[in-house]
Amino acid sequence: MTYFKNIWKIITQYGDVFFITGVSNTLLLAVITVGFGVIIGLALYFARKSRFSVLRGIGTSVVGVIRGTPMLLQLYVGYFLVPKMLPFFNPTPFISVAIALCINSGCYVSEIFRSGIQAVDPGQTEAARSLGLTSRQTMQKIVLPQAIKNILPALGNEFIMIVKDTSLASTFFIGEVMTSYAIVKGQTYLTFECLTIVAIIYFVLTFILTKVLGLFERRLQAND
Amino acid sequence: MIKTVDLHKSFDTKDGKLHVLKGVNEHIAKGEVVSIIGPSGGGKSTFLRCLNLLEIPDSGQIFFEGTEITDKNIDINIHRQKMGMVFQHFNVFPHLSVLNNITLAPVMTGKKSQAEAIEMAESLLARIGLLEKKDEYPRKLSGGQKQRLAIVRALAMEPDVMLFDEPTSALDPEMVGEVLDVIKGLVKTGMTCVIVTHEMGFCREVSNRILFMDGGIIAEAGKPDEIMLHPQNPRTKDFLSKVLY
């Protein structure tokens with residue numbers, strides 16, 4: 001019973017650390033990562049499809065290196081390297097880590113775009129090109145609208161992964177939910193109770209996200 | 001209207017190079033209806049797909065309305081607007097309504113305003129009896145209806161020539177007739193047509209000329225009755241003896 005009492009005590013005493021500071025920083029980090037992840041993902045996808053072999057090489061090696069190294073290592077590199085590379089910008093640890101997260105997720109998102117676009121029947125492209133559309137028009141009007149339906153479910157998965165992956169950033173004490181855990185645990189020594197609260201927060205966040213994405217998918221399916 | 005000079009095309013396969021076209025010389029005149037028959041693997045579809053550069057030939061030239069379209073400096077999109085193509089697997093756009101399938105290309109290429117394109121699409125749909133389906137999506141259509149839609153989608157660009165790549169091969173037998181009727185109607189309007197087909201009766205009826213392709217070349221060419229009744233080339237005889245019974 002003390003377990004539940006302790007949880008209640010933590011919530012009343014340290015609620016703002018978990019639910020305000022922690023959740024808001026986790027959400028902020030996730031939204032930044034998702035947003036820039038999609039932009040970087042698109043850029044990497046087009047770089048890898050480019051006519052120019054230099055761009056293709058850059059795209060392929062970035063994706064290869066990022067997918068082939070642990071995310072925690074990338075966060076370390078971001079944390080130490082970004083302030084050195086952008087001294088005039090004077091980035092906070094939060095920004096340095098966020099940049100690393102964005103690049104990481106961009107690589108996975110570019111793979112999602114690639115598989116989603118490749119899954120569209122090549123006959124669709126041929127039909128559009130045979131009508132005299134340019135390759136850009138074909139991409140915009142024929143391929144991408146169909147690829148979205150393949151991409152969205154996988155992208156939703158990636159979003160959920162990102163929300164959970166932001167917990168790795170707590171290594172650098174940047175104020176998201178897992179950092180809140182470390183702070184409160186340090187003051188109360190109630191490890192398991194704090195972990196329970198954190199688990200519930202992550203579960204509720206991803207559960208809501210799943211439902212929202214499911215709604216989107218159903219809406220897309222409805223109009224064809 | 002279309003002239004090809006010594007077309008060669010090969011594909012890379014895991015067993016090495018597959019030489020599909022081995023020097024095809026052909027001249028298709030304006031208003032002519034040319035059918036291409038022959039065994040599979042003989043190069044029929046590849047030849048047809050080279051005509052609008054969906055396949056880029058390795059060597060040789062293609063002239064369309066006097067322009068060499070195999071020239072690297074020309075804008076092929078302009079010329080493709082004048083060459084309609086119909087595919088074996090229809091390739092209608094599943095995310096667009098029947099009407100938008102037709103209006104997309106004329107509007108995107110700047111050929112027609114939205115209003116003009118809709119008006120034209122509706123008259124084309126009326127012609128093939130699909131006007132009441134204009135707001136449906138293609139998945140509600142039968143195979144025959146999809147292929148008829150694909151034909152008028154190409155016609156909406158007001159092409160000078162229509163290329164048909166086995167337009168009835170993927171259809172259920174009872175739907176072949178409705179698609180062939182649309183093509184016959186098109187032939188009557190004087191449209192230049194190049195048709196790759198396995199429908200022997202149909203091609204004998206509508207064609208001015210039949211090309212028999214085998215082994216990457218045009219092995220025999222002639223008037224329908226000559227080819228069908230008195231083939232000269234032993235390979236033509238062999239092929240026809242297998243498909244005509």
Side-chain angles (χ1 to χ4, degrees), chain A residues 38 42 45-46 48-53 55-56 60 112-156 213-224, chain B residues 45 48-49 51-56 75-97 100-111 135-140 146-147 149-165 170:
Chain A
V38 168
L42 264 179
Y45 170 76
F46 285 111
R48 292 167 77 194
K49 287 251 312 175
S50 162
R51 273 178 295 162
F52 306 108
S53 55
L55 274 182
R56 278 204 306 274
T60 311
I112 291 170
F113 282 130
R114 191 179 58 82
S115 65
I117 289 170
Q118 272 177 1
V120 176
D121 178 8
Q124 293 288 313
T125 304
E126 289 182 355
R129 297 306 303 274
S130 78
L131 288 164
L133 299 189
T134 63
S135 60
R136 176 182 288 256
Q137 289 170 331
T138 302
M139 197 46 139
Q140 278 174 357
K141 295 288 172 182
I142 304 300
V143 179
L144 282 182
Q146 295 184 57
I148 288 289
K149 278 164 202 148
N150 310 326
I151 288 171
L152 209 70
L155 209 53
L213 288 164
L215 213 70
F216 264 114
E217 268 174 55
R218 241 168 296 142
R219 185 166 299 175
L220 265 181
Q221 238 106 61
N223 61 28
D224 89 328
Chain B
S45 283
L48 191 78
R49 289 161 58 84
L51 294 182
N52 67 353
L53 296 197
L54 280 185
E55 303 289 353
I56 313 283
D75 180 3
I76 185 61
N77 298 317
I78 307 285
H79 298 279
R80 279 190 181 135
Q81 293 173 16
K82 297 264 129 208
M83 311 168 110
M85 187 160 198
V86 175
F87 300 85
Q88 182 177 358
H89 295 290
F90 329 135
N91 298 346
V92 290
F93 303 134
H95 61 300
L96 298 178
S97 70
N100 287 340
N101 259 275
I102 303 174
T103 57
L104 178 83
V107 173
M108 289 295 290
T109 55
K111 212 173 151 57
D135 295 320
E136 299 272 15
Y137 283 85
R139 84 190 149 123
K140 292 254 176 85
K146 281 184 195 164
Q147 193 62 302
L149 169 61
I151 293 171
V152 294
R153 178 180 66 180
L155 289 178
M157 290 300 290
E158 298 173 327
D160 295 337
V161 57
M162 285 287 285
L163 311 173
F164 293 90
D165 189 4

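Keep in mind that what you see is a predicted model, and the values were worked out from it rather than measured. Letters A, B, ... are given to chains in the order of the sequence lines, protein chains preceding strands, and every chain is numbered from 1. Only heavy atoms go into these numbers, but all of them, side chains included; no hydrogens, no water, no symmetry mates.
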For Leu131(A) and Ala105(B), the nearest pair of non-hydrogen atoms, with its separation, is CB-CB, 3.8 Å
Winner by heavy-atom pair count (cut-off under 4.5 Å) against chain B, out of Thr134(A), Ile142(A), Thr125(A), Leu133(A): Ile142(A)
Applying a strict 4.5 Å limit to non-hydrogen atoms, the region of Arg153(B) in contact with chain A is both
Heavy-atom closest pair (Met108(B) atom, Gln137(A) atom, distance to 0.1 Å) is O-NE2, 3.2 Å
Non-hydrogen contacts under 4.5 angstrom with chain B: give the residues of residues 113-121 of chain A involved, or none if there are none. Asp121(A)
Is the side chain of Asn52(B) donor-acceptor paired with the backbone N or O of Ser130(A) at a distance under 3.5 Å, no angle test? no
Pull out the residues in residues 77-87 of chain B that come under 4.5 Å of chain A, heavy atom to heavy atom, sorted by number. Asn77(B), Arg80(B), Gln81(B), Met83(B), Met85(B), Phe87(B)
Which atom names give the shortest non-hydrogen contact between Phe93(B) and Ala127(A), and what distance separates them? CE2-CB, 4.0 Å
When rounded to the nearest 0.5 angstrom, what is the spacing between NZ in Lys149(A) and NE2 in His95(B)? 7.5 Å
